[in-house]
Each structure stands twice: as structure tokens, then as C-alpha cells.
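Every chain is numbered from 1, with letters handed out A, B, ... down the list of sequences.
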Amino acid sequence: MSHQYTEVERDRLAKLDRIKAAGIDPYPPRTRFGDLRLMAAEASRRILAWQATLPEQADQERATTLHTGDSSVCAVMGRIVARRVMGKASFVSIEDGSGRLQLYARVGPDSVDAASFERFRDLDLGDFIEAKGNLFITKTGEPTLRVADWSLLSKSISPLPIAKEEKQPDGSVKRYSAFTDPESRYRQRYADLAVNPEVREIFRMRARIIRALREFLDSRGFLEVETPILQPIYGGAAARPFITHHNQLDQDLYLRISFELYLKRLLVGGIERVYEIGRDFRNEGVSFKHNPEFTQLEFYAAYMDVFSVMDLTEEMMQTVAREVLAATGGKTRFRGHEIDLTQPWQRIKLRDAILQHAEIDYAEFPDRDSLAAAIIAQKLMPPEVVTGKTRGKLIDGLLGDFVEKNLIQPTFLYDYPRDISPLAKSKAGDPATVERFEGFVGGIELCNAFSELNDPLDQEQRFLEEMRGGDDEAQPMDEDYLRAMRYGMPPNGGFGMGIDRLTMLLTNNDSIREVLLFPHLRKEE
RNA sequence: GGGCCGUUAGCUCAGCCUGGUAGAGCAGAGGACUUUUAAUCCUUGUGUCGCAGGUUCGAAUCCUGCACGGCUCACCA
């Protein structure tokens, strides 16, 4: 179905025809003033600095009254985001990657001729232009470029939902009828980014976070790798996969649900410290903290264990927070809470956390049925929810229902049930418990780590236990992974973290969709 | 999947309770204006009121179903 043009769009198409008829290319292949280009923020900074060099206060005021400005010629390019057009003079504001700058054109020897002015005042919000001239400051103190020459760089046909902005006395900006409908913003992220600068800032922050994580790991001898996204056997987590098919090989393949089993194969191969940042895919529900595809960091380090990984995680998070949240000294706000990521993390045994928040000591109920009975007796969960859950899943349920939301400041919980941790090493002398931790901040789970199981016989048993469970999220047996492990895998600590959730935390966004450029939505119509 | 709320002009919204087939601001169009900055002043157009049924003489409005979305609960170790 082809696009039905609105009346405004038809007007602009007619304008486009007039532009072409005048011999002007509305989509020129290159700029004319690229060599002279200044970013908008740099132009503002430069002219304000020039003003400050004037010897006397009176001279500075005189400069703005006469609005002569400095004598150097520069050029700016960007999108028109505001227009104030008068009979023979006109102001437009353009926005580029650095910010906004006001342009001033008038009919006169110091600016443009009448024909050029007519075309200038005919510009629309959303058009891209370049303009060349000198910088000056208006009597209201606004850094401005006086247009001596200009060109259209790209004509906008559909009106962008550009909001009007009013500068408040306190310096803040009040925005009128901003583009806010979440569905429209996600479906048309291009328009969202174009008119909401703070959205662009989220994704700059996201890139900074990932860069800081890379730098941290690179500087500690980790090798970044890429492993298969299309996998013949999925594993490394408990989740339902997406299934696809290779036609020529006539083979079903799965989109990976985790990188874990491939990265640990590399430890067998002698890569002692390895990490990957990439996309995982899980065929499950969407929520404020779940998207079907999401970005994960996993690292594995030979000769580390769960506690040394805990130390490294703490250091990594502090480093990233200081780097990304330099302005606030590593503090962030999230879901209404002030969170300090530079403080040492609390470390609590899962058992103690559940004892504190759910008032049940699961260690007193060593088998599944006694724990289930106690949970029902204490009315912690309704009986129908308890049915069919293993002991580990019951404990995990208590964690999710009673503990997680209370873990606001950075906290590690450790010592997890074995049956929900099929790839983690058992704790010495405590076969029901594994050496595992999860990190929580702001009431959500952020990361997960363990002393990785490197005993191929134990691992085989775990796979068999999983398959017996009949869980549709159980990990399938991966014979090749066991074959790798039989060659000998060094003891190692592994770690996984959701980058999207970390970005939510560091940018104070309550929804994962705000930190994904193109979040999953149902198809239109 | 459940609950609640929403869907009206390009954007932000009012109108719905109490049915008489649609409004405001901004954006747009025409005019005035050579330092404006939510520019101002005059004139002016704009809609399958999410979709499909039903009730009614008459539905944006009441009813039912559906679609899409938001929040939330469940699920997601």
C-alpha cells in the first residue's frame, strides 16, 4: 500500500517542484561549505569568547547593539528546528550533533539579496541546510550566524513533530506539545531521535557504557571474540529459543540464548581470558525488563572463582560508573531511588536474604516436599504456584517474590541451589549448593556468575538431571561441549550481565524499550 | 494470559458522564512586519473521532467484539 500524502505533504511536494524548476537540486550530493564547517556548539563558544575579549564592558554591550560580530567566516549545517520569519529579516535555528545555533538572514549588502531571502523564508521545519557567514551576538545575547550564503541540503516532505521550546528564567527549557506517545516514538524512532535530543543522549550513554566495559576487560588481558549466533544446539541458560532453518543443509538451527558454552570451549583451547558482547535471543514474554533480543556481556577467566569474579565485577561496575556518570560522581537515580555504584557492594548469602525478607530458612527444609509444605503453611505462595516446582525453583521463587525488589543498593547474593544452576560448580561439603552469585541493583537482577563446572562427568550428570526434569526450558545435552571438557578445562569463573538493564540503571529509564533503538513491537495493522 | 487505562487534526489535548455527526493551542496556508527567540498582529484550511458490529430517528459519545499501545500482575532460574 502506497503512502497517502497529507495536505501538508502535498504542499511541500509542490514546493519541491518549484525548487527543482528554479534549477536547484533539493538533495544535492555534497555540501558547498564543508571546509568551513563549525559545529553549532563550537560556533556559540567561539563568538562568546570573542565578545569576552573586548576590553570594556561598554565595548561588549556596543558589540551586541551594533551586532557586527567578528570578522571570520565560517559555516554550519544542520536541520531547521525553529523559524521566526519577518518581512525582510528572518531567524531560523538549526540543530546539528552538538546543539543548536540561530541563523539570521536579511535583505541587505551584509546578508542576502531579495531572491535568496525569498527562498530562505520559504524553508520548512525539518529541512537540512548549510549556511556561511560571520558570527555575532544579538541584542538579546543569542550567538548567531549572519547568513551571507546558504544552500538547501535536503528537503523535508513530512512534517516532523518538532516541539516549541521556551527558555525559562532558571535556564531550563519548557517544551510545548512534545512528541511523547510511546508507541509512535518506538515505531518511528527516527522521528523520536530527530526531535527529542535527550533520546539521542541515552544512546550516546549506551555506547559509552559498552566502551567502558570493553576498555576495562581489554586492559586486564581479556580477548574479545565472536561466537555463533546460529547454533545447532542451544544452551547456557534456561529459556525457550527461536528456531530457524538452513535450507541447503536442511538443518534446524537455534538463535543463541547465551554465549556460555562456546566461550568455555575457548578456555579448553587455551584462551584463558575471554569475553563477548552481543545479542541473545529468548522466545519469551516482553516486559519492562525483557525484550526478545537483548545485549549481553559474558566473560570467563581461567583460575578465577566465584569470589574473585565478585571482586572483579565490583571493580568493573565502579569503573564504568565513574566513567559514565562522572558528572554525578558515580551516582544514579533509578525507579525513584538514589543509587551509589561506587560504594562497596553488599554481600549476602541467598539463604540469609530469604530468611530476612520472606522469614523462612530453607536450610531447615532440605528436600523439596518439606520446603513446599512450609511455603504453603506460611502462606508465602499459593499451593497451585508451588505445585510442580523443584526445590531450587521454589527458592528462586522466594527470591523473586520477596527479596529482589528490596535490593536497591548494589548487592551480591551468593550460594545458590544446585538444581537451577546446571553449569556451576558445587560447593565443597554442600552438594545442594553451588558457587554462584547474582548481582542486584535498583531492585532488578543485573548479573549472574559462578565458579564454572569443569568436571565433565559431573556436567554430564547435570545435563541428564535437566532432561529428566522435563522442563521446556531445560538445557539439552551438548555432547560436543562434553567432548571439549573431557580434554581438560581449567578451573574458571564466568560472568554474564544484561547491558540493556545496566543502561536502564545508568540512564534512569524504567523501561528496557527506552534503551533499545528499535524495541520489539507487534506488527502494525 | 489477567486487571486497569488509552486510541479524536501533522504534534499535544478537550469534547464522551447527561447521544443531535467535532473543537483549542502549536504546526500549515494567505497577508503585515529589517534583531526575533513559544516572535507578534490580521485572515484561513485541516479529520474514514483505532476497526467491525449492535442499540437508536440520530453514535466520537451508550453496548459488544476485535486490533494496537501504556501501566500493572503472572510468566521469564
Q.
Less than 6.0 angstrom from the centroid, inside 45 degrees of the normal: does A:Arg146 satisfy that with respect to the ring of A:Phe136?
A.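 A:Arg146 over A:Phe136 ring: yes.
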Here's a test for you: under side-chain contact (heavy atoms from CB on, under 4.5 Å), which of [options] qualifies with [X]?
X	options	answer
A:Thr390	A:Asp419, A:Ile395, A:Leu371	A:Asp419
A:Tyr362	A:Ile354, A:Leu355, A:Ile375, A:Leu394	A:Ile354
A:Phe281	A:Phe242, A:Tyr234, A:Phe294	A:Phe242

Any strand counts, and the cut-off is 3.5 Å on both contacts for Watson-Crick or G-U wobble. Which nucleotide pairs with [N]?
N	value
B:G28	B:U44
B:G19	none
B:A52	B:U64
B:A39	none
B:C75	none

Heavy atoms under 4.0 Å, any strand shown: does [X] hit a base, just sugar-phosphate, or nothing?
X	value
A:Ala178	sugar-phosphate
A:Arg121	base
A:Glu142	base
A:Gln102	base
A:Arg185	nothing
A:Tyr416	nothing
A:Val195	nothing

Q: Please evaluate the base of B:U12 for a donor-acceptor partner in the side chain of A:Thr180 within a cut-off of under 3.5 Å?
A: no
Q: Establish whether the base of B:U7 is bridged to the side chain of A:Glu183 by a donor-acceptor pair shorter than 3.5 Å.
A: no
When you compare [N] with [M], how far apart are their [atom1] atoms, in angstrom units rounded to a whole number?
N	M	atom1	result
B:G50	B:G6	C1'	11 Å
B:G15	B:C62	P	12 Å
B:U72	B:C66	P	24 Å
B:G47	B:C51	P	15 Å
B:A9	B:G54	P	25 Å
B:U46	B:A22	P	11 Å
B:G20	B:C13	P	25 Å
B:C4	B:C42	C1'	48 Å

Q) In chain order, what residues pass the side chain to side chain donor-acceptor pair (under 3.5 Å) check against A:Asp122, with sequence neighbours excluded? A) none
Q. When the ring planes of A:Phe412 and A:Trp345 are compared, do they come out parallel, tilted or perpendicular, using 30° and 60° as the limits?
A.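 Aromatic pair A:Phe412/A:Trp345 classed parallel.
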For [X] and [N], give me the distance from atom [atom1] to atom [atom2], rounded to whole Å.
X	N	atom1	atom2	result
A:Phe288	B:C71	CZ	P	10 Å
A:Met86	B:U40	CE	P	12 Å
A:Glu165	B:C11	CD	P	18 Å
A:Asp192	B:C11	CG	P	13 Å
A:Tyr104	B:U36	OH	P	10 Å
A:Gln188	B:G10	CD	C1'	10 Å
A:Lys393	B:A74	NZ	P	16 Å
A:Asn196	B:C11	CG	P	13 Å

Q: Let me have a per-nucleotide readout for nucleotides 24-31 of chain B, 5' to 3', with B, S or -, counting only protein heavy atoms under 4.0 Å.
A: -BSSSS--
Q: Tell me which nucleotide among B:G69, B:U72, B:A39 gets nearest to the side chain of A:Arg335.
A: B:U72
Counting only pairs under 3.5 Å, give me each side-chain donor-acceptor contact of residues 125-133 of chain A, with atom names and distances, residues two or more places apart or in other chains.
unit_1	atom_1	unit_2	atom_2	d
A:Asp127	OD1	A:Lys155	NZ	3.4
A:Asp127	OD1	A:Ser156	N	2.9
A:Asp127	OD2	A:Asp124	N	2.8
A:Asp127	OD2	A:Lys155	NZ	2.6
A:Glu130	OE1	A:Arg32	N	3.1
A:Glu130	OE1	A:Phe33	N	2.9
A:Glu130	OE2	A:Arg32	N	2.7

(Q) As a test of understanding, state which of A:Lys425, A:Arg436, A:Lys264, A:Gln459 forms a side-chain hydrogen bond (donor to acceptor under 3.5 Å, both in side chains) with A:Glu452. (A)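 Of A:Lys425, A:Arg436, A:Lys264, A:Gln459, side-chain hydrogen bond (donor to acceptor under 3.5 Å, both in side chains) with A:Glu452 is met by A:Lys264 alone.
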Q: Spell out, as yes or no, whether a donor-acceptor pair under 3.5 Å connects the side chain of A:Asp59 to the backbone of A:Leu54.
A: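 No, A:Asp59 side chain to A:Leu54 backbone: no donor-acceptor pair under 3.5 Å.
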Q | 5′-ward residue of the pair A:Ser184/A:Phe136 relative to RNA chain B | A | A:Ser184
(Q) Quick check: on RNA chain B, is the nucleotide nearest A:Asp181 upstream (toward 5') of the one nearest A:Arg106, or the reverse? Name the residue that is more 5'. (A)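 The residue mapped nearer the 5' terminus is A:Asp181.
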Q. So, is A:Lys139 near the phosphate of B:U36, with a side-chain N or O under 4.0 Å from OP1 or OP2?
A. yes
Q) Within the pair A:Arg522 and B:G69, is there a side-chain N or O less than 4.0 Å away from OP1 or OP2? A) yes
Q. Can you tell me if NZ on A:Lys88 sees more than 12 non-hydrogen neighbours from other groups inside 6.0 Å?
A.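 No - once you tally the heavy atoms of other residues, nucleotides and ligands closer than 6.0 Å, there are 12 at most.
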